[in-house]
Amino acid sequence: MLSHLSSQTTIPPLPTSRPSPPSLLRLRLRLRLTQPRVAASLSISSEMSSASTPLHAEQYEKKEGKTLLEFVGSGQAHVDDDLAVLLAHVQTACKRIAALVASPFNNEIGKSGGGGKGSSLDSSRDAQKPLDIISNEIILASLKSSGKVAAMASEEDEFPVWISDKGPFVVVTDPLDGSRNIDASIPTGTIFGVYRRLEEIDHLPTEEKAQLNSLQSGTRLVAAAYVLYSSATIFCASFGPGKGTHAFTLDQSIGEFVLTHPDMKVPPRGQIYSVNDARYFDWPEGLRQYIDTVRQGNGQTGKKYSARYICSLVADLHRTLLYGGIAMNPRDHLRLVYEANPLSFLVEEAGGRGSDGKHRILAIQPVKLHQRLPLFLGSKGDMLELESYGNIQQKVNPGYEV
Ligand SMILES: O=P(O)(O)OC[C@H]1O[C@](O)(COP(=O)(O)O)[C@@H](O)[C@@H]1O
């Protein structure tokens with residue numbers, strides 16, 4: 001089904017550091033017959049790396065083992081060919097970013113301005129760019145080579161970049177969220193939203209149509225995804241309204257994202273709240289009351305809630321999708337266009353709710369590309385309970401240093 005991909009796309013081959021599953025099995029069998037001790041050690045090392053243990057052939061036959069491209073191309077995702085090609089390019093860009101953030105050489109690069117004057121890299125190499133800038137360039141290059149994108153709007157660019165008059169899609173992105181913690185190897189993530197190009201404004205000057213295309217309401221999203229770079233690399237996507245949220249885990253042994261979490265559903269209730277608790281004294285009364293209530297077990301569920309806060313939006317949301325509860329940042333900090341909208345779309349497709357504390361996120365009409373807002377995402381029951389406290393948006397925002 002994806003034969004059109006090979007003729008229209010240029011996907012560079014990814015290195016496969018380990019033998020493919022069938023050849024690994026054959027090798028183990030041969031060694032077991034000839035050299036029992038080597039065979040045993042091979043068996044131990046492959047079991048130790050269980051996070052990337054290849055699926056067995058029969059699992060690949062089932063839906064769970066499908067690669068992202070197989071899932072998209074098999075018709076299960078119900079996406080058109082243009083979107084399939086775009087996704088093929090986007091996932092390759094994310095594999096490159098995953099390799100970059102895990103690289104032993106990113107220590108200096110990750111620091112803001114790393115490699116500049118005075119850094120250890122300065123004397124020996126050309127000045128290096130911070131990882132979020134490099135990630136931005138990787139994504140832009142992949143969108144350009146897809147041939148499917150009219151404009152890209154990114155957290156890293158002041159204005160949207162116009163790519164091609166003919167591209168059917170507009171992509172909004174935060175190329176590497178959470179990068180402020182990257183030196184500590186804390187999880188980071190990439191966020192994407194995909195819109196159709198507004199053909200009715202094709203006649204406008206480039207800058208104007210780039211801007212207007214990027215400011216579409218979240219209700220017009222045709223796809224959204226985040227990629228979590230953590231102990232596993234997870235590509236979590238929704239391929240359109242009503243098509244659910246599905247997560248694919250990078251299988252390092254074959255260099256492909258394989259379907260591991262089909263049709264994710266955020267539990268209707270969780271027992272976790274995720275917020276920067278140090279801001280308690282800057283919170284409004286309603287938010288303080290809610291947190292005080294659920295942490296004492298006096299909320300609607302009667303359960304004592306726990307706190308979890310990684311301070312990396314994609315990671316905090318991924319945990320919330322799996323375990324339920326609420327991931328929140330009550331101050332005007334996160335961005336509507338390329339963070340809140342795509343993530344709300346994914347949460348809603350998983351049966352949850354996304355709000356700024358007063359309104360459904362997807363219904364907010366963006367007016368500026370880098371517009372900030374309070375963000376609350378999570379289990380429907382918990383979200384409705386929180387919103388019933390009324391006053392939950394933190395308007396005191398003294399510009400925290402960490
Ligand atoms: O300082 P706060 O309010 O806890 O904000 C933390 C949030 O900021 C982010 O780091 C994004 O901020 P930046 O866009 O400035 O990197 C999120 O990943 C995280 O959830």
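Because the structure is predicted, anything quoted here is derived from the model rather than measured. Start at 1 and go down the list; that is how both ligands and their atoms are numbered.
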Heavy-atom pair with the smallest gap, counting every atom of G351 and V266: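 Residues G351 and V266, closest heavy atoms: C-CG1, 3.8 Å.
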
Main-chain N/O of Y229 paired with T233 side-chain donor or acceptor, under 3.5 Å: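 No, T233 side chain to Y229 backbone: no donor-acceptor pair under 3.5 Å.
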
Derivation and outcome, side-chain hydrogen bond (donor to acceptor under 3.5 Å, both in side chains), residues E156 and S154: CA-CA 5 Å; E156 301 304 332; S154 163; 5.7 Å; no

Any pair counted as salt bridge (charged side-chain N to carboxylate O under 4.0 Å, His left out), so long as it reaches residues 272-282, sequence neighbours left out: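 Checked against salt bridge (charged side-chain N to carboxylate O under 4.0 Å, His left out) - neighbours excluded - the pairs reaching residues 272-282 are D277-R295.
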
Selection residues 204-213 - residue pairs positive for side-chain hydrogen bond (donor to acceptor under 3.5 Å, both in side chains), sequence neighbours left out: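 Matches after skipping sequence neighbours: none remain.
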
Pocket residues of ligand 1, ordered first by chain and then by residue number (heavy-atom cut-off under 4.0 Å):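 Lining ligand 1 at under 4.0 Å, by heavy atoms, one finds E155, D177, G178, R180, N276, R279, Y309, C311, S312, L313, N329, R331, H333, L334.
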
Throw together a table of side-chain donor-acceptor distances under 3.5 angstrom for residues 371-387, partners on residues two or more places apart or in other chains.
residue : atom : partner : partner atom : Å
Q371    : OE1  : V367    : N            : 2.7
Q371    : OE1  : K368    : N            : 3.1
R372    : NH1  : H333    : O            : 2.7
R372    : NH1  : H333    : ND1          : 3.4
S379    : OG   : P267    : O            : 2.7
S379    : OG   : G325    : N            : 2.9
D382    : OD1  : R269    : NH1          : 3.0
D382    : OD1  : Y305    : OH           : 2.5
D382    : OD2  : G270    : N            : 2.7
E385    : OE1  : R269    : NH1          : 2.7
E385    : OE2  : Q300    : N            : 2.9
E387    : OE1  : R353    : NE           : 2.7
E387    : OE1  : R353    : NH2          : 3.3
E387    : OE2  : R353    : NH2          : 3.2
E387    : OE2  : S355    : OG           : 2.6

